[in-house]
Every structure is written in C-alpha cells, then in structure tokens.
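Input: a single structure, listed below in structure tokens.
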Amino acid sequence: MNPELSNAAIADALEELGDLYELDGAVIHRVVAYRNAARSVREASVSVAALARAGRVTELPGIGATLEQKIIALLDTGTIPAAEKLRAKFPPGLVAITRLPGIGPKRARLLHAELGVDSPQALREAALAQRLRKVRGLGPKFEENVLAALARPDADEPAKRLLLPQAVELGAALVEGLVEHGPADAVVELAGSARRLVETVKDIDLVATTVEPTALADSLATLEQVESASSASAAGARGVTYSGVRVDLRIATPAQRGNLLQHFTGSGAHNAALRERAVRSGMHVSEYAIEDESSGAKLLCADEAEVYERLGYAFIPPELREDRGELEAAARGGPGLPQLVSRGDLRGDLHCHTVASDGRATIDEMAAAARELGYEYLAITDHSASHGFGNDVSPEELREQIERVREANARLSGIDVLAGSEVNVLPDGSLDYEDALLAELDWVIASVHTAFSMGEQKMTERMIAAIEHPLVDAIGHPTGRMLERRRPYAIDLDAVFAAAARTGTMLEINANPRRRDLSELNARAAVAAGVTLVIDSDAHGPETMPLIRWGIATARRAWLTAAEIGNTRPWSELRTMRKRARPRAAVGGAPARRRGQPPRG
DNA sequence: GCCGTTTTCGGCCCGACTGTTTTCAGTCG
C-alpha cells in the first residue's frame, strides 16, 4: 500500500485547483474557499489524510462536504477529477503567466482567449509583435511591463527572502533614516511580517505618523539604502533598496497610528478574518478607522490595543496574528490567549560549542556570556567524534573536556556549567560514543549531521532509535532544514513526536535564525503530542548566544508558554525530567500529556 | 465552497495603485 499523501501535498492539490477555478472564471469566493482550505490543510498539526480516512476532515476550518469528497478522491486515485478537466482546458504555461506581476487570472484568460497565449514564451512573442495592445483594456504600457517582467533573470523562480534578523536590521536602519531625514514630528515603526517575527521576510513594511505626510514620503528616496522610490504621496511611498528589497511606507495621522499599525502588521489572513467578524457585528475595519455601520461614526485609535479592545478582543501579540485561532481565543467570552514564553523565562542554554570542536571561544568565555544573559546554567555540547567537518572530539578528548567543565564549574560563580555533548546520530540510529562515556555527561543532545537523503522510513527509524536511547536527553534541530538553503530531510514527524512523548525525550527549537528548527507549526504539534521542548542557541561563540531571541520568537509563534519549555526550569528540576533520571518503569510507559488544542492549527 | 449571538440561504475585508479609460477593471497587499 502506498504511503498516504502529506498535508503539504494535499494543500498543493487544493491550491492548484483554486488557481484553475480562478482561471476558469469561478466566483472569487469559491477560489478563496480553496485557498483557505489549502492553508488549513498545510497548517494542520495532524495527518489530514488520516483525518479524512476517519471521516473527520470537516473538523478542519474551511473544509466542508465538497472538499472532503475531493480530498478522499485525491487519496484514493491520486488526482481530483475536476482538476483533470481544468488542466486539459488551461495549459500549465498559462498558470505560469499569472505569476508575473501585473497579470492575474482575468488577463491570463483574456490573453489565452484572444491571442492564444499559452506560455510565457508565447506571451513574449505576442508582446514583441505588439499584439497585446490590440486587446481591449490593454495598451503599450502593459506590453512594456510584460516584456520587462519576462526579461528579469529570475522571472520564473520565487524571489529570495530575507532571514528575519536581516529584515529586522534593515528595517531598523530605514526607520532611523526616516526619523533623521523626515519631518520633526514623524514617528516611524517596523510593521509587517518582520514585526510578527516570521522566519523569512519578502519586503519591509514601515508605518509612520506625521502631520507632514508628503515630506516624509519624499524622504524615503533620500535614504542611503534606497536605490529608487516611487509613487510618493500623502498616503506613503514605495522603494527598493540596493540589496533589492522592496520597502513599503504607509503614513497616517497620529490619531490613526493604532489603526495603521494594526493593518500593516497583518497578516493578511488575520486582517481578513478580523474584518469579516467585525462586519457581522456591524463594524467596518480599515487602516484608517473602525466605522460603525449604524451610526456612521468613525473611530480613530492612536493605540493599537484599542483597535482590538473596541472590536471585542484582548490584545493579540503580533506573533500570533496568523488566523490560527487567535481571534476565537482572544474574543470576549473566549478561552483566552496563552501567556507566551519570553526571553526572561529562560534559565539556561543547553546547546553550545567551544574551541574543543568548531566553536570560537573557551568554556570560560561561553560561561561568562551565559551569565551575562542572566542564565543559571549552560551546557557545553561540543560535536562528537565522527562529526567530520569540524574538530572532532575523540572519546579521550571528551573525557578531558568533562574534566575542564568540572574544573570551570568549581571555579566560576553565578553559573552552573554542565558537561554535555552534541552526539551524532549515525545512519543506523546508533550514537558515536559508548554508553559508559555518555553516562558521565549531564546533558546529551543527539543530532543528525550526515546522510540527509536516506528516505523517510529509514530516517524516521534512525531518529526513533536515537530517541529510544536511554541516555539521549534531547534531539537537536530535529528536521535539519536550513531556511532558504536546504529542505528538511524526509521524516515522519508524527511518529517522531509520538516516540519523544512516549520516552520523555525532549525536542529542540534551535534558535539559529537559519534553522528555527523545530518550526512554529511543528513545535506546536510536538507540544500537542505531549513533548517537552527546549530552546537553544547552538552558539559557536559568545556573540551568537543572544540568537536565542529567534528561538523564543518561534516558540511564541507556536503559542507556547514557559511551562512547555524545559529550560525555563532550574537545572535542579530539569535534571529530574531527563529520562535517565526517571524511574525505569516510567520510561516507555508514560502517557502523552495532552494540552487543550486551540480551535485552529 | 464555506458558514451561522441576524442567517441552512445569502452573504463573503478593505483600500491603493496602475493603466486604461471617460468611470473603471484588474491586480496587489
């Protein structure tokens, strides 16, 4: 029997069908319904295929009887009949055209019907022959824009995205520049996905208030980072940096600062859901005001929290604004939002490197950095013997390192230094130190660093073997992904989470901004399955230990509280949670702790 | 196609910008 389709595969199929219906001229709400359903499937924390087999898939938001049937057909036959029909009608090249800026489904359909355009290549030929301008509603300018879009070397690949720290840094520099060059009263803030602390960012969104909006809009073009700016008006301006990042500045009056910040922080899905719910109670929400339908009164909010309050919600932290159940939870009479974990809750860092392997600093230097951050403990976890791309730590060297850690711990005050290792999980699931040596360590984190492409079943068995090892306390960066660089290895995370919960093995949120691994959705699913997480910096030097903030960001976006994170506890408590410290009978027999699941996600 | 502190039918967020138009459709976020 074939393995069931992944949530991502089902979501892709629904998204494609939505695109095809849109090309076919379906009413837009139907198209939107497919896209909402696709997102719901993609973000589901359990196997949607399994849910569908159990007849429960309509429990997911946005999935009704019709989509249930289509998902079942997809699982049974590998395809959806409606999609087959539409694929025959609209060639894939036509769908590709709709990805070009300025061309949506309507124009693609028009070009197909009027000129027989069915691919980017055919579109280019038609534009060069000046045939596009003959179509009603299109003109020479459109032709020009089409050719420019097609000429871009990266026209058919998705745009590179900034890692969050780069976006935050660029955003801060732009804010500073606008404050410096703009009118004296200007207040400028970073909004958009960077404010929500997402993993990667496409463009920089800034909001500002001033009584001289055009002066501020004009000043965007004068910033040293900005290569070109356009369409400056009282409403704002747009620009592109020399690094090729789009910047969107929106301006309102000081009295509307809250409305604007709320709108421009997004996400789009959060705002759409917020506004739809508001409409049902007779309110219309925009970036400028909340309008009461019955009285016509327009409420301006200088403060963002007031926007939520006036609409009947508790304040929703930006990290949660993804339409993943936060509105239902924050609504008056709802269950309420969790008290999200914050940086100050962490009492220690359980994954870092020193000069013993590929780190840049000594034990003492790393311990000093940890103390500086207010931690109570730090585990030194250099790579193990077979790491292969740094300075390996042989068993003998690890024994010496343990001695050095014990000595440092005795000497240093204000910080407990723990002897640990980041042990390789070898392809067969075994570890590369003997158990007797591992038993001398305070903390063992096991990670996969080799043989990434072994296939899902083998990788899952490999990982579960490591999870079942009695001396493995946690699994490091559990999916191996590198944002914008390397996909996660194929692995059955449901099985991994179940094994981790069953054995009491913790899983890591690796805070390195290129990893953020587990991701927010996976972290949320892991905790729902009963797993305890740890948040680690994986620092290779004192200066990278503060990267922990990006791991905190992921945990917050995963709705996690301090109680769900192991290293918010003092070491005296956390050490007893390691499965090696538990009564032997409990290992393997502990029932999964279940947390109340929010309505979505 | 989904969904319900108005509704099992009739709604479904809101506004800016562009290019094409003499008042607006399409696209985008």
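Order of the sequence lines fixes the chain letters, A, B, ..., with proteins taken first and strands second; residue numbering starts at 1 for each chain.
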Donor + acceptor pair across side chains of S243(A), T241(A) (<3.5 Å):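 Present: a donor and an acceptor within the cut-off.
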
Between R516(A) and T554(A): side-chain donor-acceptor atoms closer than 3.5 Å: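 Per modelled atom types, R516(A) and T554(A) side chains form a pair under 3.5 Å.
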
Without decimals, in angstroms, what is the distance between [X] [atom1] and [N] [atom2]?
| X | N | atom1 | atom2 | result |
| --- | --- | --- | --- | --- |
| E293(A) | dT6(B) | CD | P | 12 Å |
| F142(A) | dT18(B) | CZ | C1' | 12 Å |
| R277(A) | dT7(B) | CZ | C1' | 17 Å |
| N271(A) | dC28(B) | CG | C1' | 15 Å |
| D323(A) | dG29(B) | CG | C1' | 16 Å |
| E59(A) | dC3(B) | CD | P | 12 Å |
| N259(A) | dA16(B) | CG | P | 14 Å |
| R35(A) | dC12(B) | CZ | P | 19 Å |

Could you measure between the two [atom1] atoms, the one in [N] and the one in [M], and give it in whole Å?
| N | M | atom1 | value |
| --- | --- | --- | --- |
| dC28(B) | dT23(B) | P | 25 Å |
| dT20(B) | dG26(B) | C1' | 10 Å |
| dC12(B) | dC17(B) | P | 25 Å |
| dG1(B) | dT5(B) | P | 23 Å |
| dG11(B) | dA16(B) | P | 26 Å |
| dT7(B) | dC2(B) | C1' | 14 Å |
| dT8(B) | dC3(B) | C1' | 9 Å |

Aromatic plane relationship, Y34(A) with Y21(A) - under 30° parallel, 30 to 60° tilted, over 60° perpendicular: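 Answer is tilted, since the angle falls between 30° and 60°.
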
Mutual orientation of the aromatic rings belonging to Y308(A) and F315(A) [parallel < 30°, tilted 30-60°, perpendicular > 60°]: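 Perpendicular.
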
Selection from [options] that lies nearest to any side-chain heavy atom of [X]:
| X | options | answer |
| --- | --- | --- |
| H29(A) | dC12(B), dC14(B), dT27(B) | dC12(B) |
| R107(A) | dG1(B), dG26(B), dG15(B) | dG26(B) |
| H263(A) | dC2(B), dG26(B), dG29(B) | dG29(B) |
| V27(A) | dC17(B), dG1(B), dC14(B) | dG1(B) |
| R280(A) | dT7(B), dG26(B), dG1(B) | dT7(B) |
| S286(A) | dC17(B), dC14(B), dG1(B) | dC14(B) |
| R30(A) | dG1(B), dC17(B), dT27(B) | dG1(B) |
| A33(A) | dG29(B), dG1(B), dT27(B) | dG1(B) |

Does a side-chain N or O of [X] approach OP1 or OP2 of [N] to a distance below 4.0 Å, or not?
| X | N | value |
| --- | --- | --- |
| S233(A) | dC17(B) | yes |
| N145(A) | dG19(B) | yes |
| H284(A) | dC14(B) | yes |
| T66(A) | dC2(B) | yes |

Would you classify [X] as touching base, sugar-phosphate or nothing, given that sugar-phosphate means primed atoms plus P, OP1 and OP2, and contacts are heavy atoms under 4.0 Å?
| X | answer |
| --- | --- |
| I103(A) | sugar-phosphate |
| G268(A) | nothing |
| L274(A) | nothing |
| Y288(A) | sugar-phosphate |
| V285(A) | sugar-phosphate |

G-U wobble or Watson-Crick pairing nucleotide for dG1(B) (cut-off 3.5 Å, both distances):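 dC12(B) is the nucleotide pairing with dG1(B).
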
Pairwise 5' ranking along DNA chain B for K141(A) and V279(A), keeping only the more 5' one: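 With K141(A) and V279(A) compared, the 5'-side residue is V279(A).
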
5′-ward residue of the pair S230(A)/S281(A) relative to DNA chain B: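 The answer here is S281(A).
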
Please check if the side chain of [X] supplies one atom and the backbone of [Y] the other of a donor-acceptor pair under 3.5 Å.
| X | Y | answer |
| --- | --- | --- |
| R514(A) | L483(A) | yes |
| H263(A) | N259(A) | no |
| R238(A) | S230(A) | no |

Passing option when R557(A) is tested against E199(A), E319(A), E322(A) for salt bridge (charged side-chain N to carboxylate O under 4.0 Å, His left out):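 That would be E322(A); it is the only one of E199(A), E319(A), E322(A) passing the salt bridge (charged side-chain N to carboxylate O under 4.0 Å, His left out) with R557(A).
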
